[in-house]
Amino acid sequence: MTTRGKFITFEGPEGGGKTTQAKRLVERLQAAGQPVVYTREPGGTPTGEAIREILQHNKAGEAPCAETEVLLFAASRAQLVRHVIIPALERGDWVVCDRFADSTTAYQGYGRGFSVEQMIAINEFAIDGAQPDLTILLDLPVSDGFARLQQRGGKKDRIESEALDFHERVRAGYLELAQRWPERFRIVDPRGELGAVAEEIWKLVRRD
Ligand code: T5A
C-alpha cells in the first residue's frame, strides 16, 4: 500500500518570503529524490486561477463583497484539494502549498472581522479532511513585509492595499492560530539571509 504523502503549507503576512521559501523547499525535496507537487492559493487549478483574477484584480469588473470573498477563496480551495492535493497525497507525493485554509481564517476572520469559528467551519467543508501535516508560519512585522514588496516593485493588489491595521490583525491572528494548533504550526522569522531561512525550514521539515 502507498504511504500517504506529507502536506506542508506556508502561511504568513505579506512579503514574508512564502513563495521564495516554498519553491526552495520543493527544489530541495526533489534533489533528495522526494516526488513533490508545488501549488498555491488562491489558484493552482484552472478554476482557482480564474477565481484568483477576480479576487486580486476585480476581473469581473466589480470588487467582490466581503462574503463573496470568503466563498471564492473557499471555492478555489475546494477545487484544489479535490483535483490536486488529495490525488497527489494518495500517490504518495508530498505537497507544498503557498497559502491554504489558515489564510482565510487569518485574513477574512481576524482581518475582516468575520467569526473565526465560522471561517474554520467553512474551511472544513472546503478541505474535506485534507489538513496540513506541517504549517510554516513566516512571521515578520507588517512594515518589514511591505518594505520587501516595495523593493520588489509592481502594483499592490486589492488585499495588499488594505489599511495597516487590517494587516496587523492578520499577523496577530496567525500567531493565535499557531498557539491554537502548536502540533502543526512552526514559526520562522524570515528576516535573516535567504539561505539561512531555507536551512531553518529544511531542519523543521526533516524533524517533523
Ligand atoms: N488571501 C489568500 C486571503 O485573503 N485569504 C485566503 O484564503 C487566501 C488563500 C494572495 C492574497 O490573497 C490573500 C492574501 C494575499 O493578500 P499573493 O500574490 O499570493 O496574494 O500574495 P502573497 O501570498 O502574500 O505573496 P507575496 O508575493 O506578497 O509574498 P511572499 O510570497 O510572502 O514573498 P516572496 O517570496 O514573493 O518575497 C517577497 C520579496 O522578498 C524577497 C523576495 O526576493 C521578494 O522580492 N525576499 C527576501 N529578501 C531578503 N531576505 C530574504 N530572506 C527574503 N525572502 C524573500
Side-chain angles (χ1 to χ4, degrees), residues 9-27 38-45 48-49 51-59 63-81 85 96-114 116 118-120 122-127 132 135-164 166-167 169-171 173-174 177 188-201:
T9 56
F10 280 78
E11 293 281 1
E14 313 286 330
K18 293 173 295 300
T19 305
T20 309
Q21 292 299 340
K23 288 186 171 167
R24 281 221 168 186
L25 175 61
V26 166
E27 283 167 12
Y38 166 81
T39 191
R40 69 168 181 180
E41 277 211 9
T45 63
E49 292 296 327
I51 291 174
R52 182 182 179 94
E53 286 299 309
I54 295 174
L55 281 166
Q56 291 192 299
H57 306 294
N58 298 338
K59 187 69 188 292
C65 66
E67 289 76 5
T68 302
E69 181 181 279
V70 170
L71 296 171
L72 286 177
F73 279 119
S76 171
R77 182 164 307 131
Q79 193 78 359
L80 183 67
V81 162
I85 295 177
V96 172
C97 194
D98 191 347
R99 293 195 181 278
F100 191 59
D102 298 312
S103 284
T104 295
T105 316
Y107 279 78
Q108 281 65 50
Y110 291 98
R112 293 259 186 256
F114 284 117
V116 165
Q118 200 174 24
M119 295 304 103
I120 292 171
I122 289 172
N123 282 334
E124 280 171 2
F125 175 69
I127 72 175
T135 296
I136 307 283
L137 172 56
L138 296 181
D139 174 61
L140 80 175
V142 170
S143 54
D144 290 11
F146 276 106
R148 274 189 185 172
L149 293 184
Q150 206 170 3
Q151 259 188 340
R152 186 178 67 185
K155 209 168 150 257
K156 280 186 180 174
D157 67 34
R158 195 175 59 82
I159 293 178
E160 278 168 3
S161 307
E162 287 291 335
L164 194 65
F166 169 89
H167 291 286
R169 288 195 299 278
V170 169
R171 182 190 182 198
Y174 269 124
L177 294 181
V188 171
D189 182 341
R191 287 172 293 173
E193 187 270 320
L194 229 149
V197 177
E199 195 56 37
E200 189 179 341
I201 293 169

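Quick note: numbers below take in every heavy atom, side chains included, and nothing from hydrogens, waters or symmetry partners. Both counts, for ligands and for their atoms, begin at 1 and track the order of listing.
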Could you identify the single nearest non-hydrogen protein atom to atom 7 (O) of ligand 1 and state the distance to 0.1 Å?
Thr104 OG1, 2.6 Å

Region of Leu149 engaging ligand 1 - heavy atom pairs below 4.0 Å:
side chain

At under 4.0 Å between heavy atoms, which part of Pro190 makes contact with ligand 1: side chain, backbone, both or neither?
backbone

Among Lys156, Arg152, Gln151, Arg191, the residue with a heavy atom nearest to atom 44 (C) of ligand 1 is Arg152

Result for side-chain contact (heavy atoms from CB on, under 4.5 Å) between Gln21 and one of Val96, Val26, Ile201, Asp98 points to Ile201

When distances are taken from atom 5 (N) of ligand 1, the protein heavy atom at minimum range is Gln108 OE1, 2.9 Å

Residue set satisfying salt bridge (charged side-chain N to carboxylate O under 4.0 Å, His left out) with Arg52, at least two apart, ordered chain then number -> none

Side chains of Thr9 and Asp102: donor-acceptor distance under 3.5 Å anywhere?
no

The atoms of ligand 1 lying under 4.0 Å from a heavy atom of Gly192, numbered in the order shown, are 50 (N), 51 (C), 52 (N)

In terms of residue, atom name and distance, what is the protein heavy atom nearest to atom 43 (O) of ligand 1?
Thr20 OG1, 4.3 Å

So, Arg169 and Glu162, do they make that salt bridge, N to O below 4.0 Å?
no

What protein heavy atom is closest to atom 41 (C) of ligand 1, reported as residue, atom name and distance in Å?
Arg148 CD, 4.2 Å

With a 3.5 Å cut-off and no angle check, do the side chains of Tyr174 and Ser103 form a donor-acceptor pair?
yes

Show which atoms of ligand 1 fall inside a sub-4.0 Å distance from at least one heavy-atom site of Arg77.
7 (O), 9 (C)

How does Glu69 reach ligand 1, by side chain, by backbone, by both or by neither, if only non-hydrogen atoms under 4.0 Å count?
neither

Does Leu140 offer a backbone N or O that forms a donor-acceptor pair with the side chain of Arg171 under 3.5 Å?
yes

Within the 4.0 Å heavy-atom cut-off, what Lys18 brings close to ligand 1 is both

Protein residue, atom and distance nearest to atom 28 (O) of ligand 1, heavy-atom basis:
Glu160 OE2, 3.4 Å

Element-labelled atoms of ligand 1 that are located less than 4.0 Å from some non-hydrogen atom of Ile159:
4 (O), 13 (C), 16 (O)

For atom 24 (O) of ligand 1, the closest protein heavy atom turns out to be Arg99 NH2, 2.8 Å

Just let me know how Arg52 lines up against ligand 1, side chain, backbone, both or neither, with a heavy-atom cut-off below 4.0 Å.
side chain

for atom 29 (O) of ligand 1, nearest protein heavy atom and its distance come out as Gly15 N, 3.3 Å

Under 4.0 Å from ligand 1, counting heavy atoms only, is it the side chain of Gln56, its backbone, both or neither?
side chain

